[in-house]
Amino acid sequence: MSRFFATGSDSDSDSSSEEEQIIRQPTATFTFSDEEEDTKRVVRSAKEKRYEEITNLIKQIRNYKKIKDMSSLLSSFEDLMRAYTKALPVISKEENGVTPRFYLRCLVEVEDFVNEVWEDREGRKNMSKNNSKSLTSLRQKMRKYNKDFEEEITKFRANPDQADEEEEEEKDQDDDSSDDEDSHPVVSKKPSVEPVPEPKKKATGGDDDDDGSSDSYWGSDSESSSDSSEDESQYTSVRERFLKKATDKDDDEKKEKKDRKEDRKKSKPKRKEEDSDGEGEWETVKGGVAIPSEKPKMFAKDAEINIDLVVKKLNEIVAARGKKRTDRREQIELLHELLIVSEQHNLGSAVSIKIKFAIVSSIFDYNPKVSDAMKPEYWAKLLEQIIDMMDRLINAKNVIINESILEDNENYESPPYQLRGCVLTVMERLDEEFTKLLKECDPHSNEYVERLKDEKRVSSIIDKVQEYLESQTDIDAELCRIYMRKIEHLYYKFDPQVLQQKQGLVPADTVTGVQIMDKLCKFIYDKDQSDRLRTRAILSHVYHHALHDNWFQARDLILMSHLQENIQHADPPTQILYNRTMAHLGLCAFRHANIKDAHNCLVDLMMTGKMKELLAQGLLPTRQNDRTKEQEKVEKQRQMPFHMHINLELLECVYMVSAMLIEIPYMAEHEFDARRRMISKTFYQQLRSSERQSLLGPPESMREHVVAASKAMRNGNWLACRNFIINEKMNAKVWDLFYQADDVRTMLTKLIREEALRTYLFTYSHVYDSISMATLATTFELEPSVVHSIISKMIINEELMASLDDPTHTVVMHRSEPSRLQSLALQLTDKVNSLVDYNERVFETKQGFFNRGGNQGRDFRDRQNYDRRGQDWGRQRRERGERAY
């Protein structure tokens, strides 16, 4: 008691050990009701219990997201769903059935995270098997579970920041109300407290002693009810001061919370202003307080802004390019700010162009992986910056930007301004990024169409770079490069005005794509010093001619270049361009009825069975370990964008029809020739596989139509052959893809009639003594002059042993060719002779080395005979000597 009060009542507490024990017993009773002890034993509501469980699981989920532990994330998400299901009764009671904002935020974060990981294909390939399975199951469960919260998630995504602020304010209000409720019952225990006189306050020994002696005092008060009035007054004053200190502490906490609310309200509009600019970014730290990232100051307040200072600052910013921990976005923002400063102080066009060039380079560097495509938003910014830079460069007319200029020799002060850089390299990098963007998109989606619209802007940038370079002098090499880029955007595009100009529908002085290509390619033929650009220009030129039915120009150019002799030594992109050129050359030859040329152009593509890979239009599935990941990645980078693809079914159909028109007459002519060779192996295999089938139904695929037409042509039935080749199904699949499809169908019908006539004559010539040409013309619906021409060629080439009788207009067969039986007998004779020769060679090898060496074997036999004669002579001498003896 003496530690708590100034007045002495120590003798009562120290009188005996029994009194001390009695004093200590009620201490626990009163300390149980003390405010500090209440915080240790808190009776929580069901809402607090359920919410705490959910928040703990959300923390686990966020931690697993950081380390990308999919299996643990899946299990935690399942626990979260179960915990929320348990908390539904509490939520329906407390929140009126409204889903808490923090729970919606967690669902949105998990959904975004899973979608991001799912779209990262390279990252998924590097995942473990367990994580990959967990990711798939988590994605399915999350999509199914989020359907129940679809409307609330949509509202949350519309304005998540505002919702968070409201939630925080509601939490703060709940905290304030809970604090008031906690403090109010303590005060209500003593409804009225009389003011304590000043002498009593001095007698208590001051505020410092209150904490120390409270326990002993509460014990003496509960010991008996016969204490003095002085003790009661002391008890009242102490309790009043104790409660006053507690309530003061609560008031301080309330003030701090109100201050935090005001700070958040003040920072909220600033955050919106920064976000509206699109350049400011906020960092979220633990505790929900958003702190804007501070940008370094550009210049001091009293600094004099001039060209040297701005260029020095530009070099400092650019020097951080590529270093570790360099914020790429901050670099772009600093360069933009530097450009604004230079324009405000009118430092000249040279400085602005130099800063613009640095901005373009920094946007290129924003993409961390060179192999991946750029993000669409940065692609749009890049196009705008390059267009602005080229407009400034063209309008300035006194700025020279070149790689050969050293940084020490740059001139910003007086014209002509000289800058170090290369706009051609920027343009080439832009073109490559555009190709990557097209490859990343789904070719059958609207996104691909939207992205393809940017080609117009890319082509305009190429034209501006070309205009700038043409204004310079002695830059033929760079002009060749820019012309080649323009050719690559032009060579595969069909211009209908070219064919209309041939027909006289368009004036002759109209500039068409063929004339532009001719001008660009001839410049490269004349000025280029590297073989690669010239080779690619020739191939592009041939492709463009073939696309517009200029068959003779395309054929002569490809033959004069001799590219087919050494194309195997070129780089893969050039080989792909060569394959594409030969494919279109074959289609052009087919449209001009040059069937043999069309077959020869397409045979190399079709023989390998890898037409898709040779044209860089996709990868065929291969066996395991046949292609490494690096090889597959490189081959995918070489693929052509979808809008540049050639229809593979069209190519295959043209090749098969060409092979049919060549192979069927040849097979009919050499039916019994044992030494007959195959002209088209692929076509022959299709025929053989069809013959092996026991039951044949009506043709369905393109190949089956061609095989059925071949069998009809072999019997001389041209009409059935034509109907199999030209029908509604084949028109939709193949023939309607040609520009002038009706002309192609007419040409194809004429060829089928002519080749069917030749096949008929080869097959049935031994049956007739003479055939009327008028009958043949009627049967095959050909002009008599055409029939006369075909039969004359066959007689001249010794394909048909016959003669023409002009007065009667008949074909007289000479019967000089063997019959079917004679042909089979001759074939058997040839096989028997070859078998006999083979057996004789085998027999000679089995005789040992006597017949192996010619003269060597003969010498050995002579030596053997000589030895035998010597032995006989010696035996005869011995016999004579024995008789003489």
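Owing to the predicted nature of the structure, the values given are computational and were not obtained by experimental measurement.
- Under 3.5 Å, the side chains of K502 and N550 contain a donor-acceptor pair of N or O atoms.
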**Study point:** Chi angles and distances behind the side chain to side chain contact (heavy atoms under 4.5 Å, CB included) call for F642, K439
**Key:** CA-CA 8 Å; F642 182 75; K439 291 178 185 177; over 6 Å; no
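- In this model, a donor atom of one side chain and an acceptor atom of the other lie less than 3.5 Å apart for T808 and T810.
- Residues S770 and D805 have side chains not in contact (no heavy-atom distance under 4.5 Å, counting atoms from C-beta outward).
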Exercise for review: Quick one: do T574 and D571 satisfy side-chain hydrogen bond (donor to acceptor under 3.5 Å, both in side chains)? Show the steps, please.
Suggested key: CA-CA 6 Å; T574 306; D571 56 319; 2.5 Å; yes
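- A perpendicular orientation is assigned to the rings of F552 and H592, their planes being inclined by more than 60° (bins at 30° and 60°).
- Between F590 and M747, the closest side-chain pair of non-hydrogen atoms falls below 4.5 Å.
- A heavy-atom distance below 4.5 Å is found between the side chains of I771 and L761.
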Review point. Yes or no on side-chain hydrogen bond (donor to acceptor under 3.5 Å, both in side chains) for N594 and R555, after CA distance, side-chain angles and deciding distance?
Key: CA-CA 12 Å; N594 298 321; R555 182 197 62 183; over 6 Å; no
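- Aromatic ring orientation, F738 versus W735: parallel (interplanar angle below 30°, classes split at 30° and 60°).
- Using cut-offs of 30° and 60° for the angle between ring planes, the F523 and Y483 rings count as perpendicular.
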Practice item. Determine, stepwise, if the pair R451 / E447 fulfils salt bridge (Lys or Arg N to Asp or Glu O under 4.0 Å). Key: CA-CA 6 Å; R451 192 59 55 217; E447 182 186 1; 5.3 Å; no
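- For the residue pair E635/Q631, the side-chain donor-acceptor check at 3.5 Å is not satisfied.
- Within the 4.5 Å cutoff, the side chain of Q575 has no heavy atoms near those of the P572 side chain.
- Classification of the H599-Y655 ring pair by plane angle, with boundaries at 30° and 60°, yields parallel.
- The closest side-chain heavy-atom distance from S658 to K596 is not below 4.5 Å.
- A heavy-atom distance below 4.5 Å is not found between the side chains of V542 and Q553.
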Practice item. Kindly indicate, with the supporting measurements, whether the criterion side chain to side chain contact (heavy atoms under 4.5 Å, CB included) is fulfilled by S530 and L533. Key: CA-CA 6 Å; S530 62; L533 283 184; 3.9 Å; yes
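- Just one residue in the list H544, R580, H643 forms a side chain to side chain donor-acceptor pair (under 3.5 Å) with Y492, and that residue is H643.
- Remark: the S772 side chain and the H809 side chain contain no N/O donor-acceptor pair separated by less than 3.5 Å.
- K711 is not listed as a side-chain neighbour of R714, based on a closest heavy-atom distance of 4.5 Å or more.
- With hydrogens and angles disregarded, no donor-acceptor distance shorter than 3.5 Å links the side chain of E613 to the backbone of L619.
- Panel note: side chain R534, backbone D528; a donor-acceptor pair is recorded below 3.5 Å.
- Proximity of Y739 to D549: side-chain heavy atoms (C-beta onward) are nowhere separated by under 4.5 Å.
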